Amino acid sequence: MLTVEARLTRGEFTLDASFDAEADGVVALFGASGAGKTTLADAIAGLVRPEAGRIALEDRVLFDAEAGIDIKPERRRIGYVFQDGRLFPHLSVRRNLLYGHRFAPRDRRYATLERIVTLLGLEALLQRRPGTLSGGERQRVALGRALMAQPELLLMDEPLAALDVPRKAQVIDYIERLRDEIGVPIVFVSHAVDEVARLAGTIVVMAGGRVAAAGPAAEVMARLDLDPLAGIEAAGAVLDATVQSHDAAYGLTELAVPGGILRVPRLRLAQGHRLRVRVRARDVSLATAEPRETSVLNVFRGRVVEIGPRRGASVDVAVDIGARLTARITARSADTLGLAPGSEVYALVKSVAVDPASLVQAEQDNPGSEGG
Amino acid sequence: MALTPLEVEAIRLSLRVAGWAVLISLPLGIAVAWLLARYRFPGREILNGLVHLPLVLPPVVVGFVLLLLLGRQGPLGAWLDDWFGITLAFTWQGAAVASAVVSFPLMVRAIRLSIEGMDRRLETAARTLGAPPVWVFVTISLPLIAPGILTGVILAFARCLGEFGATITFVSNIPGETRTLPLALYTYTQVPGGLDGAFRLMVIAIVIAFAALIGSEFLARIVKRRLEG
């Protein structure tokens, strides 16, 4: 359990945040820039001292203003991967990786150099200097360096923000691997919803220095009131899905999701494989009668739960189809259809709207799954 | 053009004085530069002023101050003599102290600039990896400010080789003890028929200065390569 409660004032900005999260898998600190995510991460690492509050990891108190406890950053055993990598320019990759190793208590070491190097694909880089590495390579080395200090928690502050799209995809694969294989709990700071949707099991949404919401990823992502905080593109829902069958003839995969079957472009995953898919609100449309002749393959019957506030010409409508789905439709359509909470509707999801990059592999608790 | 014993003596003395001057002022220079660059404390401006004073004072004045403070009768000089048996006035050690004082501001300036220009976030990163502050200083800060330290050392060394006013005032012009190269050259110019000797020393001074410049450039390149990979 990671318990965080921190208050501090810096000029105009006030941080007043508290949350509890199971220190397991990835906890995302999510929000727009200026929301206080990095300050909160710095407080967890001991790089800034809150004026009041308490920070504890499992049974270890790292900071307690009242009790006068403030463990120094070098004694917290919390790894930190910075946005800019911050590799030591005068040391080789190998010596960067080994920098923190000597300080880790012998009986608490879980990552060896060989394992980290293999996991992050760093074999060819060991003798190089950071100045000669590409952005993606630098972030991989930064991940490895933080892990080699054998931390009990790994903080990542926008580790992908400085990378271009292909590198981002590559590094996120590596983060996923170490989440699943090393098992160190990760606090992932990000303003990018696709990264958060893909990695996080728990999401803490921050806005204006406060925690706006916290909870399991699927629940938090389906909440309508959080969209303005997360940015307009963020709206959407996350569904837990299981691969049910493949339709080779049409190149489709059928996913069982709560409320029905979701057809998506063919996935290279075995039957029974569990994953999470993100359905963007703008890819969902609504109908009050069952659409019979339509090109849209995915039709779910459900009930309107909530209609969000009007923003510009559009409103977001939350629909319960067995899980929550969000549809972004025009305010005019909402009125024409006479939508209100409780209305029975059909939600149409374009199968092509499911972005393969947003397909998330869920917990590795399914023995029938391939890959990993 | 073989060197005369007198010339050899002056060169060796100059190098010895300058070498020791830099050696004793380097740790102090790093400490003071660090203090000035990183901390805000009462009296900071006064310390800063004191460090820079030799840069703006006539060297003769510095030498005279040293004579008053560190001479056999001076408060510090008497104490050093009583407790440690160290005499600075009219000795080559005294010449080294005079050179160190005069060159100190140059050294501190160069080191301080590199400390201020250093990316402190690397130190933060090192601490999150578990390294205690002293270890961070030795393994991260020092190597990263090495170019500044090198510049400071070279500037100070060059200034020491050229030191004249403070030296002659504090430790006088004693052959074999405090007569460094500039003092020897000056002495030649004060005696009839000494111009040939002065000319030879001038050439030697130019050669030494030139060699030092080339050597430092070479060192700077090595340091730079080590830092940037």
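Because the structure is predicted, anything quoted here is derived from the model rather than measured. The chains referred to below are lettered A, B, ... by the order of the sequence lines, with proteins before strands, and numbering in each begins at 1. Below, all heavy atoms of this structure are taken into account, side chains as well, without hydrogens, waters or symmetry copies.
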Exercise: identify the closest heavy-atom pair between B:Arg225 and A:Arg129: O-NH1, 4.1 Å
Are more than 12 heavy atoms from other residues, nucleotides or ligands located less than 6.0 Å from atom CG of A:Asp107? yes
Given the options A:His101, A:Arg77, A:Arg102, which has more heavy-atom pairs under 4.5 Å with chain B than any of the others? A:Arg102
Heavy-atom closest contact (B:Gly130 atom, A:Phe103 atom, distance): O-CG, 3.3 Å
What part of A:Leu155 is in contact with chain B, defined as an atom under 4.5 angstrom from a non-hydrogen atom: side chain, backbone, both or neither? neither
Using non-hydrogen atoms and a 4.5 Å limit, figure out which bit of A:Arg145 sits close to chain B: side chain, backbone, both or neither. both
Can you tell me if CZ on B:Phe137 sees more than 12 non-hydrogen neighbours from other groups inside 6.0 Å? yes
Take atom CZ of A:Arg95 as the centre, draw a 6.0 Å sphere, and report whether it contains more than 12 heavy atoms from other residues, nucleotides or ligands. no
Measuring heavy-atom distances to chain A, does B:Ala126 have an atom under 4.5 Å in its side chain, in its backbone, in both, or in neither? both
Around atom CZ of A:Arg109, are there more than 12 heavy atoms from other residues, nucleotides or ligands closer than 6.0 Å? yes
Side chain, backbone, both or neither: which part of A:Arg86 has a non-hydrogen atom closer than 4.5 Å to chain B? both
Check whether A:His90 reaches the backbone of B:Thr139 with its side chain - one donor and one acceptor, N or O, closer than 3.5 Å. yes
Ignoring hydrogens, what is the shortest heavy-atom contact between A:Asp84 and B:Arg121? Give both atom names and the distance. OD2-NH1, 2.9 Å
In this structure, OG1 of B:Thr128 is separated from CG of A:Leu154 (nearest 0.5 Å) by 9.5 Å
Is there side-chain contact between B:Leu122 and A:Pro89, with heavy atoms separated by less than 4.5 Å? yes
Counting neighbours of CD1 on B:Ile46 that are heavy atoms of other residues, nucleotides or ligands and sit closer than 6.0 Å, is the number greater than 12? no
Just how far is it from atom CD1 of A:Ile78 to atom CG of B:Leu129, taken to the nearest 0.5 Å? 12.5 Å
Distance col, row B:Thr124:OG1 vs A:Phe82:CZ, nearest 0.5 angstrom, shows 6.5 Å
Atom CH2 of B:Trp34: over 12 foreign heavy atoms under 6.0 Å: yes
Please say whether more than 12 non-hydrogen atoms of neighbouring residues, nucleotides or ligands are located less than 6.0 Å from CZ in A:Arg49. no
Closest heavy-atom pair, A:Tyr99 versus B:Val136, reported as atoms and distance to 0.1 Å, is OH-CA, 4.0 Å
Closest non-hydrogen contact found for A:Glu74 with B:Pro132 is OE2-CA, 4.0 Å
May I ask you to check whether over 12 heavy atoms, not counting those of A:Arg128, lie within 6.0 Å of atom CZ? yes
